[in-house]
Amino acid sequence: MPTSWPIGKRSLREGRSFAGVAEEHLDDVYRYLIYVTGNPQLAEELAAETFERALRRWRRFDPRRASARTWLCQLARTTALDHFRSERRRRRREEAFALETAEAAEAAFGEGLAPELDAALRGLSAAEREVVALRVVLELDGETTARVLGIRPTAVSTRLSRALQKLEERMVSDVRS
Amino acid sequence: MSEARFEDVMRELRAAAPTAPDALRERVRALPQPGARRQLRLRPMLAAAAVIALGIGIGAAAIGGFRDQASGPRSASSGASAARERVLTKKTPQGAFLPRRSFQGLQGNPAQRDFGALSKAAPDALAPGGRLQRYETTMQLRVKDLSEATKSAIRTTRALDGYVASADYGTAGSTGDSTLDLRIPIQRVQQAIASFSELGTILSQHISVADLQAQVDTVDRRLAAARATIARLEAKPSLTPVEQIRLAEAKRTARSLRRSRSGLVQQGTYASVSLLLTTRKAAAEPASPGRFDRFWDNASDILGKELIAVLYALIVIGPFALLAAAALLAERARRRRADHRLLEEAG
């Protein structure tokens with residue numbers, strides 16, 4: 001990413017249109033949200049909302065501070081968190097646990113995924129899945145993942161390690177059962 | 001998880017990574033393009049504000065420097081300059097200011113002069129139209145030979161029918177000072193000052209003239225009233241006890257008033273001349289600051305005050321700013337923990 005003074009973020013941003021950025025990173029945002037929510041329909045809804053937010057904030061996006069993908073993942077995370085907060089409030093009001101509604105046992109995390117791996121992923125929390133999505137599926141480095149999650153890189157490594165350990169434990173227990 | 005197993009899981013997850021459904025893709029493509037809109041950024045605004053504030057501060061200092069420079073040079077604060085401010089004339093051999101009306105008509109040896117007789121004959125002793133005045137002058141001179149100059153000043157004083165009220169003479173090595181408190185008949189003070197001016201270089205001179213005539217007139221009026229009372233009571237063949245007391249009181253008053261008049265007349269008879277003779281070299285006068293020096297002095301004063309004001313603001317605002325920053329960081333940390341708990345709870 002160029003950082004010399006004469007090239008401002010406006011010219012960097014305008015070199016890439018919003019539509020182009022959205023098309024390029026749509027799959028990444030969708031994958032991330034699937035791992036966070038564990039629900040393809042919800043992920044689709046939140047992805048659309050993420051890009052609507054991105055459109056409104058496009059002028060504030062500074063490519064010198066972070067890549068478009070990082071920025072969109074941050075927005076997607078915020079969108080997901082807002083959804084979870086509103087769901088929690090709704091649950092408290094209605095004393096119903098909407099996310100416990102059993103969905104059809106479709107492969108939420110991708111077609112062709114081994115059933116035990118899919119089940120193990122479902123057994124992880126959203127926080128554990130999101131770090132797996134960012135580091136493994138989207139292949140973001142530790143620094144970038146830390147920026148998306150708002151934590152230190154060492155914390156990212158710790159969370160990923162725990163998530164993978166838990167994943168393995170679930171897979172092993174699933175195989176035994 | 002072993003390395004190999006981790007690699008397998010990674011490959012599997014990546015291979016199976018879902019793609020966005022067509023409906024979502026169409027929905028995102030349908031979003032309108034963002035319009036052109038100016039955005040204000042905090043950092044450039046802060047940088048511009050800092051530059052503007054700095055420019056205003058420097059400009060104010062420069063304007064203050066030019067404005068104060070236009071009001072003229074500052075007066076030096078040294079003792080010599082302060083003394084010079086009191087000088088009424090430049091150093092000239094005969095540059096003293098003199099009383100406009102001299103007291104004329106007094107003669108005789110001052111040691112033997114009867115001021116009481118003079119006060120009684122006051123109306124005749126005063127020159128017609130003349131007013132009684134107190135004349136005081138101080139002169140400071142640098143002389144080459146202190147001893148000779150002191151003796152010369154004393155000789156001159158006595159030659160002019162004056163006298164030395166006090167003398168203080170002291171030397172230390174090659175330098176010395178002499179302080180003479182002289183009394184010169186007021187009609188000869190001009191001569192005295194001219195003579196003293198020739199003893200050396202005048203360093204400073206101060207003259208003070210005060211009118212005493214009004215006081216003398218008041219005393220005369222009261223004295224006349226007391227005398228009239230005395231004359232009236234003494235003319236009576238016999239006096240009542242009250243009248244006797246009044247007579248005694250009038251005589252006491254008359255005596256007191258005569259003494260006061262004598263004192264006033266004495267003040268107006270002789271001029272008081274304080275002569276300060278010194279052999280010390282004058283301290284080098286500080287060079288008058290040039291225009292640039294004055295400008296820089298004034299501008300740096302203003303800059304200094306601005307820096308003090310900024311420092312004061314930082315000291316006052318600093319703790320609050322630190323508290324606000326700490327509160328902000330604490331809130332962010334709390335929010336992060338809350339988000340993580342939320343994601344942990346979500347399945």
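Numbers restart at 1 for each chain; the letters A, B, ... are given by sequence-line order, proteins then strands.
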(message) What part of A:V132 gets within 4.5 angstrom of chain B, counting heavy atoms only: side chain, backbone, both, or neither?
(response) side chain

(message) Contact between A:V137 and B:M10 at the side-chain level, heavy atoms closer than 4.5 Å - yes or no?
(response) no

(request) Give the intermediate values and the outcome of side-chain contact (heavy atoms from CB on, under 4.5 Å) for residues B:R25 and A:D27. (result) CA-CA 9 Å; B:R25 201 170 294 278; A:D27 289 337; 2.7 Å; yes

(request) Looking only at non-hydrogen atoms, find the nearest pair between B:A17 and A:R31 and report the distance. (result) CB-NE, 3.5 Å

(request) Would you mind checking which part of A:L121 comes under 4.5 Å of any heavy atom in chain B, side chain (CB onward), backbone (N, CA, C, O), both or neither? (result) side chain

(request) Check for a donor-acceptor pair, side chain of B:R336 on one end and backbone N or O of A:G150 on the other, with a separation under 3.5 Å. (result) yes

(message) Are more than 12 heavy atoms, taken from residues, nucleotides or ligands other than A:E24, located less than 6.0 Å from that residue's CD atom?
(response) yes

(request) Indicate the atoms forming the closest heavy-atom contact of B:V28 with A:A22, along with that distance. (result) CG1-CB, 3.7 Å

(request) Look up atom NE2 in B:H340 and atom OG in A:S125, then write down how far apart they are to the nearest 0.5 Å. (result) 7.0 Å

(request) Look up atom CG in B:D8 and atom CG in A:L117, then write down how far apart they are to the nearest 0.5 Å. (result) 10.5 Å

(request) Determine the minimum heavy-atom distance between A:A48 and B:L24, stating which atoms define it. (result) N-CD1, 3.7 Å

(message) For a quick test of reading the model, state the closest non-hydrogen atom pair linking A:F18 to B:L31 and the distance between them.
(response) CE2-CD1, 4.2 Å

(message) Strictly below 4.0 Å, N to O, side chains only: are B:R27 and A:E45 in salt-bridge contact?
(response) yes

(request) Enter the distance from A:R129:CZ to B:L343:CG here, rounded to the nearest 0.5 Å. (result) 9.5 Å

(message) Taking CZ in A:R85 as the centre, count heavy atoms belonging to other residues, nucleotides or ligands within less than 6.0 Å. Is the count above 12?
(response) yes

(request) Please tell me if the side chains of B:V9 and A:E168 come closer than 4.5 Å, counting only heavy atoms from C-beta onward. (result) no

(request) Please answer whether the main-chain N or O of B:P21 pairs with a side-chain N or O of A:E44 as donor and acceptor at a distance below 3.5 Å. (result) no

(message) Can you tell me how far apart CG (A:D118) and CG (B:L13) are? Round to the nearest 0.5 Å.
(response) 10.0 Å

(request) Answer whether the closest heavy-atom distance between the side chains of A:R88 and B:E345 falls below 4.5 Å. (result) yes

(request) Look at atom CZ of B:R14 and say whether more than 12 heavy atoms of other residues, nucleotides or ligands are closer to it than 6.0 Å. (result) yes

(message) Please determine whether the number of non-hydrogen atoms from other residues, nucleotides or ligands lying under 6.0 Å from atom CZ of B:R332 exceeds 12.
(response) no

(request) Considering non-hydrogen atoms only, spot the tightest contact between A:F109 and B:P18 and give its length. (result) O-CD, 3.5 Å

